[in-house]
Amino acid sequence: MAPELPRILLLPTHLQADELRELEARIPTLTHNAHEAKVILGKISRPERALFELRRLKLATEPVALEGAEGDEAIGDKRGRSDAAEVPSKRPRLSGSEALRSRADEGHVATLDLLGGSGDVVLVLKLAWLLDSLEQNVVLPADDYLLYQGRKISSHSAQASNPGTPQPRKEDETTRSASAVNDSPYSKRTTRPGTSSSTASDGRLHSEPPTLHRETTSEHEVPLPPIPDFLHTTYSCQRPSLVSPPNATFIAELKAIRTLRLLRGDQVGVRAYSTSIASLAAYPHLLQRPQEIERLPGCGPKIAQLYQQWTEDGCTDETRKAKTDTELVVLKTFYDIWGVGDTTARQFFKKGWRDLDDIVEYGWDSLSRVQQIGVKYYDEFQLKIPRDETETIASVILAHARRVDPGFQMVIVGSYRRGKPSSGDVDVVLSHPDEAQTLDIIERLVSSLEKSNFITHTLSVWTKNSERGQAPLAWKGEGRRAGSGFDTLDKAMVVWQNPQDKGPHRRVDIIISPWKTAGCAILGWSGETTFQRDLRRYCKVKMGFKFDSSGVRSRADGSWVDLESSERGPAPDMETAERRVFEGLDLEWRPPAERCTG
DNA sequence: CAGTAG
DNA sequence: TGGCCTTACTG
DNA sequence: GCCA
């Protein structure tokens with residue numbers, strides 16, 4: 001009794017001719033017409049490949065709500081390092097238990113209805129679905145095999161895809177950013193330009209009608225999805241960029257290339273790839289073809305070409321070759337040591353060192369103090385820090401600050417504030433409405449946390465530039481008064497371990513800001529690198545300002561520009577201050593979760 | 001001074 | 001074709 | 001590598 005199968009089209013991709021024939025023989029409901037197939041099967045494993053196949057079949061679809069399967073690959077976790085010969089400088093080995101979390105059981109709720117359901121929905125599944133179903137003699141749920149789910153559209157209905165996400169509420173002054181994580185900020189902006197155009201007071205507001213370039217290339221009438229108006233800017237601080245964009249897997253490939261460029265010393269390449277990554281991270285549609293890419297800012301023919309190669313081959317030449325290039329693999333290992341950058345990584349390699357044991361054995365004494373710490377805790381620093389632990393660490397820091405004065409306030413910044421489920425390190429910004437309280441607190445705080453054995457090592461302390469380092473600010477101008485304290489912020493970069501449970505050592509940054517620039521401080525510490533870079537560039541080019549986390553200045557005369565106080569006085573809290581900075585910079589408010597530029 | 005950090 | 005974010009700290 |  002064969003299971004009752006839906007109409008199936010079998011893709012020939014990656015199948016030998018005889019394999020193909022044999023499989024086809026086992027499918028009673030086989031069709032060769034893509035339009036009547038309910039299920040498309042193939043020996044493929046990525047949603048992008050699925051789209052590529054649909055294109056080849058000339059089957060136009062729009063995506064149906066489906067949180068894309070993320071290609072969240074851990075970096076290199078195969079470190080076959082010998083435990084033999086632990087050098088005097090012992091590098092503690094982690095006790096067993098490595099992968100505590102199994103991926104892939106994120107609770108698949110909805111079982112897809114294969115037989116019933118609206119007739120115009122087509123599923124692209126992995127071939128394994130068929131094999132498993134036949135083996136077990138039942139039609140298995142498609143969930144675990146699903147690569148793509150789309151609704152067939154006739155070539156003339158170019159409906160903008162809105163994959164059924166709930167309409168999010170408007171952000172207003174009082175909304176807290178944390179809740180934004182669950183939203184789908186795309187949906188409110190993917191509506192056609194014109195209907196919901198942003199209120200960006202950017203001057204060069206792009207409220208043009210949906211004039212899509214006439215990209216009616218030789219190709220068929222399937223129109224490219226509209227470019228959201230916010231993607232006409234080259235500044236990533238002017239648009240939402242979410243944590244898990246639809247094209248995350250392709251972005252991951254570009255990030256891999258970026259890392260390779262870094263290791264090779266190609267800094268310009270790093271810049272360029274960062275720009276394209278940030279642009280793609282803001283693109284709310286799953287890519288369908290290379291032409292879409294070239295329309296995006298920071299993306300040109302090269303990136304489009306890489307995309308094509310990647311959809312067809314599953315990876316690019318550059319990453320494929322790198323995988324077997326020992327030099328690059330070793331460089332990456334070295335680069336991951338805290339305190340070792342790409343230049344030093346190459347130097348280590350040139351000395352003939354090939355793994356961490358070589359460094360310990362042959363070069364220990366040549367390492368800087370922080371590099372020694374980086375090597376010693378190499379494994380532990382690679383571990384991600386879950387959100388609840390970040391909160392625990394932060395609350396200890398705040399408690400110690402409040403022991404000095406109860407008026408201290410704190411915002412956890414960094415990737416935590418962006419809503420990531422785990423972080424590489426912990427960043428917190430502390431401030432106090434009374435400026436006298438933030439003056440020399442950093443050293444007292446650090447020593448207090450050292451005495452309580454939370455801080456095991458202090459990597460560096462940026463101490464009191466405010467007082468001593470006023471000279472370096474060539475941004476002279478008489479506007480700056482002595483002791484006003486808005487030079488580069490005081491901060492401490494430390495190694496942390498809970499003295500009670502003795503968990504892994506963690507990297508923690510504690511930043512102190514005077515109240516009047518606390519908005520800039522949390523803004524400067526919450527976005528990803530490209531967001532920051534573009535924010536500074538935007539301030540320079542568009543505003544004639546010089547932004548940094550310790551304040552905004554006029555480039556004309558170097559005078560401090562206060563964007564954080566209103567007529568009603570200083571901001572009541574740091575988040576409000578941050579909103580005022582956005583306003584003062586003529587930027588639309590961007591919740592931290594939308595600052596994920598990759 | 002070069003190198004590194006966020 | 002030049003420019004691409006910023007700057008103090010460390011050794 | 002892309003943009004002004």
Side-chain angles (χ1 to χ4, degrees), chain A residues 232-237 254 257-258 261-262 265-279 293-306 318 334-335 337-348 365-374 413-415 417 423-429 458-466 468-475 487-494 507-511 520-542 545-553 555 597:
Chain A
H232 284 102
T233 177
T234 62
Y235 299 101
S236 58
C237 54
L254 293 181
I257 298 179
R258 176 175 62 180
R261 297 305 179 91
L262 177 79
D266 171 12
Q267 293 185 302
V268 174
V270 173
R271 238 285 313 209
Y273 278 94
S274 296
T275 310
S276 357
I277 288 166
S279 195
I293 292 184
E294 289 198 56
R295 309 180 303 172
L296 303 177
C299 296
K302 182 64 193 284
I303 307 294
Q305 185 195 325
L306 285 173
E318 195 162 345
F334 292 166
Y335 179 74
I337 300 170
W338 201 88
V340 172
D342 58 297
T343 309
T344 306
R346 286 188 293 272
Q347 282 170 5
F348 286 179
D365 294 332
S366 73
L367 299 186
S368 71
R369 192 184 72 95
V370 299
Q371 288 169 340
Q372 290 179 342
I373 294 170
V413 289
S415 57
R417 187 158 182 246
S423 311
D425 66 358
V426 175
D427 307 298
V428 302
V429 173
T458 303
L459 298 169
S460 72
V461 180
W462 265 237
T463 171
K464 257 322 53 161
N465 306 303
S466 40
R468 198 207 41 154
Q470 336 208 49
L473 263 296
W475 298 90
D487 302 348
T488 298
L489 300 173
D490 292 354
K491 67 172 179 259
M493 305 164 80
V494 304
R507 277 274 308 107
V508 175
D509 292 342
I510 303 169
I511 299 109
C520 289
I522 64 172
L523 172 53
W525 279 88
S526 296
E528 268 182 332
T529 309
T530 307
F531 185 93
Q532 308 296 359
R533 190 197 346 106
D534 288 345
L535 181 65
R536 293 183 156 97
R537 205 166 48 91
Y538 168 89
C539 284
K540 179 178 179 172
V541 175
K542 298 284 182 184
F545 289 158
K546 179 177 163 66
F547 177 94
D548 80 77
S549 56
S550 63
V552 175
R553 292 151 187 276
R555 284 186 180 260
T597 51

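Hydrogens, waters and symmetry mates play no part in the numbers below; they use all other heavy atoms, side chains included. Chain letters run A, B, ... following the sequence lines, proteins first and then strands; every chain starts at 1. Here the structure is a predicted model, which means the values were calculated and not measured.
A:Gly414 comes within 4.0 angstrom of nothing in the nucleic acid, heavy atoms only. A:Ile303 comes within 4.0 angstrom of sugar-phosphate atoms only, judged by non-hydrogen atoms across all strands, and of no base. Residue contacts for A:Cys539: at a heavy-atom cut-off of 4.0 Å it reaches no nucleic acid atom on any strand shown. Nucleic acid contact for A:Ser276: none, since no nucleic acid atom lies under 4.0 Å from a heavy atom of the residue. Residue A:Ser460 is in sugar-phosphate contact alone, with no base atom involved, counting any heavy-atom pair closer than 4.0 Å across all strands shown. Using a 4.0 Å heavy-atom distance criterion, A:Asp509 is classed as a sugar-phosphate-only contact. Residue contacts shown for A:Val370 are absent, as no nucleic acid heavy atom lies under 4.0 Å away. No engagement by A:Gly269 is indicated, since no non-hydrogen atom pair under 4.0 Å with the nucleic acid exists.
Note: CD (A:Gln371) to P (C:dT10) measures 14 Å, nearest angstrom. Here the P atom of nucleotide B:dG6 and the CE atom of A:Met493 are 5 Å apart, to the nearest Å. At whole-Å resolution of the value, CH2 in A:Trp462 and P in C:dT6 are 18 Å apart. Whole-Å rounding puts the A:Leu254 CG to D:dC2 C1' distance at 14 Å. Per the geometry, CZ belonging to A:Arg271 stands 12 Å off C1' belonging to C:dG2, to the nearest Å. A:Tyr538 places its OH atom 24 Å from the P atom of C:dG3, with the value rounded to the nearest Å. Residue A:Asp534 contributes atom CG, which lies 16 Å from atom C1' of B:dG6 at whole-angstrom precision. Between the CD atom of A:Gln267 and the C1' atom of B:dA2 there is a distance of 12 Å, given to the nearest Å.
At C:dT6, one or more side-chain N or O atoms of A:Arg555 fall inside 4.0 Å of OP1 or OP2 (strictly under the cut-off). An OP1 or OP2 oxygen of B:dA5 is reached within less than 4.0 angstrom by no side-chain nitrogen or oxygen of A:Lys491. Dashed line: the shortest gap from a side-chain N or O of A:Arg507 to OP1 or OP2 of B:dA5 is not under 4.0 Å. When the side-chain nitrogen and oxygen atoms of A:Thr344 are compared with OP1 and OP2 of B:dT4, one or more of them lie within a distance under 4.0 Å. In terms of phosphate contacts, A:Trp525 brings no side-chain nitrogen or oxygen within less than 4.0 Å of OP1 or OP2 of B:dA5. For the pair A:Arg261 and D:dG1, the criterion of a side-chain N or O lying under 4.0 Å from OP1 or OP2 is met.
Ranking D:dG1, B:dA5, B:dT4 by closeness to the A:Thr343 side chain, first place goes to B:dT4. Distance from the side chain of A:Arg369 is smallest for C:dG11 among the nucleotides D:dG1, C:dG11, C:dC4. Listed nucleotides: D:dG1, C:dC4, B:dG6. Nearest to the side chain of A:Trp338: B:dG6.
In this structure, the separation between CG on A:Asp342 and OH on A:Tyr335 is 6.5 Å, given to the nearest 0.5 Å. Summarising the geometry, atom CD belonging to A:Gln371 is positioned 5.5 Å from atom OG1 belonging to A:Thr344; distances are rounded to the nearest 0.5 Å. For the atom pair A:Asp266 CG and A:Arg258 CZ, the distance stands at 12.5 Å (nearest 0.5 Å). Taken to the nearest 0.5 Å, the CD1 atom of A:Ile257 stands 4.5 Å off from the OH atom of A:Tyr273.
Applying the side chain to side chain donor-acceptor pair (under 3.5 Å) test to A:Gln305 and every residue at least two apart in sequence or in another chain returns nothing. For A:Phe334, the ring-ring contact (aromatic ring centres under 6.0 Å, His included) criterion is met by A:Phe348, not counting sequence neighbours.
Heavy-atom nearest nucleotides on DNA chain C were determined for A:Ser368 and for A:Val268, and the one closer to the 5' end corresponds to A:Val268.
Nearest heavy-atom pair across A:Phe547 and A:Cys539 is CB-SG, 3.6 Å.
The same atom, C1', is picked in C:dT6 and in B:dG3; the two are 15 Å apart, to the nearest Å.
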